[in-house]
*Asks:* 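Got a structure here, written out as structure tokens. Questions coming.
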Protein chains: 2
Amino acid sequence: MYRKPMDETGTRARTRRAILDAAVSTLARNPSASLADVAAAAGVGRTTVHRYFRERSDLLSAIGAHLMELVATTTERARLDDGPAIEALDRLCQEYFELGDGFLFAFENPQLADWESWDSETEADQALTRLIERGHADGTIDPTLSTAWVGSLLWAMLYAAWQHTREQGVPKHTALRLCLHSLRKALTP
Amino acid sequence: MYRKPMDETGTRARTRRAILDAAVSTLARNPSASLADVAAAAGVGRTTVHRYFRERSDLLSAIGAHLMELVATTTERARLDDGPAIEALDRLCQEYFELGDGFLFAFENPQLADWESWDSETEADQALTRLIERGHADGTIDPTLSTAWVGSLLWAMLYAAWQHTREQGVPKHTALRLCLHSLRKALTP
DNA sequence: CGATTATGGAACATTGATGTTCCATGATGG
DNA sequence: CCATCATGGAACATCAATGTTCCATAATCG
């Protein structure tokens, strides 16, 4: 009696996730780590990794898709269209910061958006753009700063904060507080 | 009649520099680029690269030393101990920004300082620390922001600015202006 | 319990980057 | 112009990561 392997639930989905998560952490810290390293980090045999992702590139694509989705849901959760723009930005920072190594990976691999042939403009991108322009309009974000630059600043500061915790042993909430504070100050007109 | 190869001048030094520069540019953009890529970028045979740097690790060490020196002289040029702290920071940003791919490489390889067994605290590091503390003291830099965090901010913003020019085609002076403006705003009390 | 599925590990083939050796050709400089 | 130096390229050896196959064992689930 056969039963097709269920792709979306059960054991199979769980180890898939384990590998994916381990790959994100491992590759975020060392982009040239071997698949053996990833397997070890996932607590799984190297063979198993190949069983789920035939080639390295397949794994990378999967990471791309996974992170795109993660960023998407995370962005939704921040409800960028609600309340004052500057506070929505705060919420977004906090959410992104929670992504941890996932955020790190996304930061270091901006070409990630291309991997899955999404429209170059994700819904998350658009929501952020709307938010920043809203801030421009209602005077809570310095209009001198282009939308693109504000986006760059956001990511760069989050990256700085994340590294700050990793390398200086600063507690996460402290780093996040510094980040939010600095970002606000940089953006106010 | 023998004459030892002169290490510091002439043809030899010139191609060495060419390889070093090409390696910085190439590896800053793709850390896993092959030595063949570096050779091509330098307009030089692969053999020649090995002639100057026996192993890949030798090349990396040399880059480390080269960049440490570059950062050192660049920092000196900014004369951090002269004039108002905030203006000295401006000068430092401008100088670092000029380093281009060299800066990019340094940003992406913070372990660079270890490579050459320097004291963990470079003179450049110390000068920057002094500068920030001076700013704290004379009230031009928000004392809420720890010295380490200000340093992180500085590098992160420069990185953001540099990427901004690379990926958005923004003219360098525009990106630098945005960077300086945002940094000032973030740091003022 | 018994069938199906998931896994780990060994063994092996393939591949691309490395590192080395050698030689012919060009460049340099006294 | 001639001796020395610098270089490029071919040929080769080595190595680590990759990708594949196979099998025994463990986990899962009806």
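Note that these values count all heavy atoms, side chains included, but never hydrogens, waters or copies made by symmetry. In what follows, every chain begins at residue 1, and chains take the letters A, B, ... in the order their sequences are listed.
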*Asks:* Could you measure the distance from the CG atom of Leu112(B) to the CG atom of Leu67(B)? Nearest 0.5 Å is fine.
*Replies:*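 If we round to the nearest 0.5 Å, Leu112(B):CG and Leu67(B):CG are 5.5 Å apart.
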*Asks:* Angle between the end axes of the helix from dC1(C)-dG30(D) to dG30(C)-dC1(D), five pairs per end, to the nearest 10 degrees?
*Replies:* 40°
*Asks:* Out of curiosity, Leu187(B) CG to Arg184(B) CZ, how far, rounded to the nearest 0.5 Å?
*Replies:* 10.0 Å
*Asks:* Verify the contact: side-chain N or O of Tyr52(B) to OP1 or OP2 of dA6(D), cut-off strictly under 4.0 Å; return yes or no.
*Replies:*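 Tyr52(B) to dA6(D) OP1/OP2: no side-chain N or O under 4.0 Å.
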*Asks:* Could I get the full list of ring-ring contact (aromatic ring centres under 6.0 Å, His included) partners for Phe53(A), not counting sequence neighbours?
*Replies:*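 So Phe53(A) forms no ring-ring contact (aromatic ring centres under 6.0 Å, His included) with any residue.
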*Asks:* Would you say a side-chain N or O of Thr15(B) is under 4.0 Å from OP1 or OP2 of dT7(D)?
*Replies:* yes
*Asks:* Does a side-chain heavy-atom distance below 4.5 Å link Asp101(B) with Arg166(B)?
*Replies:*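 The answer is yes; the side chains approach within 4.5 Å.
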*Asks:* Quickly, which of Asp81(A), Asp125(A), Thr147(A) forms a side-chain hydrogen bond (donor to acceptor under 3.5 Å, both in side chains) with Arg130(A)? Name it, please.
*Replies:* Asp81(A)
*Asks:* Separation of Arg12(B) atom CZ from dG29(C) atom C1', in whole Å?
*Replies:* 16 Å
*Asks:* Is the closest basic N to carboxylate O distance between Glu87(A) and Arg79(A) below 4.0 Å?
*Replies:* no
*Asks:* For Leu27(B) and dA17(C), what is the distance between atoms CG and P respectively, to the nearest whole Å?
*Replies:* 14 Å
*Asks:* How does protein reach along nucleotides 8-22 of chain D, written 5' to 3' as B (base within reach of a heavy atom under 4.0 Å), S (only sugar-phosphate), or - (no contact)?
*Replies:* BBB------SBBBB-
*Asks:* Val170(A) and Leu154(B): same hydrophobic cluster, using ILVMFWY side-chain contacts below 4.5 Å?
*Replies:*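 No, Val170(A) and Leu154(B) fall in different hydrophobic clusters.
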*Asks:* Does any non-hydrogen side-chain atom of Val71(B) lie less than 4.5 Å from one of Phe103(B)?
*Replies:* no
*Asks:* In whole angstrom, what separates Arg14(A)'s CZ from dA27(D)'s P?
*Replies:* 14 Å
